[in-house]
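I have placed the structure first, in the form of C-alpha cells, so that the comments after it can refer back to it.
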Amino acid sequence: LLASLAGCLPVIAVLRERGRAPTDTSPGVASGPNEGTDWLVGRNARWLSIMALATLLVALGANVVGYMTLAQLLSEATLATVYLSGTLAVLAEAVESFVEVLIRTPAAVRLKSLQSRPEVVLVSVRKLVHLACWLAWGVLTLEEFHLLEPVSDILLAGVEATFSVGEVTLSLGRIGTFVVAIVLAIWASRFVGFLLDEDVLPRLNLGRGVAPTVSMLSRYTLIGLGIALAVAAAGVDLSNFTFIMGALG
C-alpha cells in the first residue's frame, strides 16, 4: 500500500510539470509542433502519466478491498513501467546527443551528405530512436503485466489467418511482409540516391548528364528488386509476374 502511494508521487509531479510546460517560455523547454511526437515529451508524457496514475489508483482500491495479488501485480508492474520510461527517455537523449556530436567529427565533416543537410540526419535518427523506444516500452510493459504471451498468441493467430482472392491465398502476415518490403525498398532507394548525389558522384569525373542517370537507375534498380522480393515474400509465384519484371527491365 505504501509502495503504491509512493509511486503516485512522481507521476503526479510529471503531470503538474506537463501542465505548466506550455506557458514556460524559458530556453531549453521543448515546445512547438514536434513536442507531442518526441519520446516522453508533451502529450506522450501526459497520457503515459495518466495511465500510470489510474493503474496505481486501481491497485490502491484492490489493496483496500483485499485483492492482494491483483494489487501487487498492478503496483509492481506500473512502477517498473514508470522507471522503464525514464530509462528509455535518458537513453534516447544520450543517443541523439551522441549522433549530434558525431556529425561534427573530422571524419564526418568530409562527408558532404552529412554536412549539406545535418538536420535531415538528426530528424531521421530521432525518429528511429523514438520508434525503438516505443517498441521496447510496449514489449517490456506487456511482459511486466504478464500479457506478452497471450497478446503474442492473439497476434500470431491473426497474422497466420488466411483468406482466398480468386486462386490466390493470402494472409495478413504475407500482406504485412509485402508492405514492409516495399517501404524498405523505397527508403533504401532514397538513401542510396542521397549518398550518390551528395558524396559519390560529385567526386567522379563524369560526363554531362551521366551522374543523374546513374542515380536514377540506381534508385529504380533498388525499387525493382524490392518489388520482386516483396512479391516473393508474400508467397506469390514469381513466374506469374514475368511481364511485370519485363516492364521494369
Close side-chain approach of [X] to [Y], heavy-atom, < 4.5 Å:
X	Y	result
Thr69	Leu73	no
Arg46	Ile50	yes
Leu48	Trp137	yes
Ser218	Val214	yes
Glu100	Leu122	yes
Glu96	His130	yes

Quiz item: If you count the non-hydrogen atoms of other residues, nucleotides and ligands that lie under 6.0 Å from CD in Glu119, is the total more than 12?
Solution: yes
Self-check item: Sequence-distant partners of Glu76, side-chain hydrogen bond (donor to acceptor under 3.5 Å, both in side chains), two or more places apart
Solution: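 If we apply the side-chain hydrogen bond (donor to acceptor under 3.5 Å, both in side chains) test to Glu76, skipping adjacent residues, the hits are Gln72.
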Quiz prompt | All side-chain hydrogen bond (donor to acceptor under 3.5 Å, both in side chains) counterparts of Ser215, not counting sequence neighbours | solution = Asp197, Arg219
Same apolar cluster: [X] and [Y], side chain cutoff 4.5 Å:
X	Y	result
Leu184	Leu195	no
Val183	Val180	yes
Val90	Leu128	no
Phe194	Val192	no
Trp187	Phe191	no

[X] and [Y]: which non-hydrogen atoms are nearest, and at how many Å?
X	Y	result
Ser171	Thr162	CB-CG2, 3.9 Å
Thr78	Ala52	CG2-O, 3.6 Å
Leu222	Ala188	CD1-O, 3.8 Å
Ser75	Ala59	N-CB, 4.0 Å
Gly7	Pro10	O-CD, 3.3 Å

Quick one: [atom1] on [X] to [atom2] on [Y], what's the gap to the nearest 0.5 Å?
X	Y	atom1	atom2	value
Phe98	Ile103	CZ	CD1	11.0 Å
Ile182	Thr177	CD1	OG1	11.5 Å
Ile12	Ser49	CD1	OG	10.5 Å
Leu53	Leu60	CG	CG	9.0 Å
Cys8	Leu57	SG	CG	5.5 Å
Met68	Asn63	CE	CG	4.0 Å

Practice problem: State whether the side chain of Ser189 and the backbone N or O of Ile186 hold a donor-acceptor pair below 3.5 Å, judged by distance alone. | Solution: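 Answer holds: yes.
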Quiz item: Looking only at atom types and distance, does a side-chain atom of Thr141 sit under 3.5 Å from a main-chain N or O of Gly138, one as donor and one as acceptor?
Solution: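 Flag not set: sc Thr141 to bb Gly138 has no pair under 3.5 Å.
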Practice problem: Can you label the angle between the Trp134 ring and the Trp47 ring as parallel, tilted or perpendicular, going by 30° and 60°? | Solution: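 It falls in the parallel class, under 30°.
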Exercise. In sequence, state the C-alpha distance, the side-chain angles, and the governing distance for Lys127 and Leu131, and then conclude on side-chain contact (heavy atoms from CB on, under 4.5 Å).
Key: CA-CA 6 Å; Lys127 289 181 179 179; Leu131 178 61; over 6 Å; no
Practice problem: Give the other cluster members for Leu148, using side-chain heavy-atom distances under 4.5 Å between Ile, Leu, Val, Met, Phe, Trp and Tyr residues; answer none if it is isolated. | Solution: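 Members alongside Leu148: Val58, Val65, Tyr67, Leu70, Leu74, Val139, Leu142, Phe145, Leu147, Val151, Leu155.
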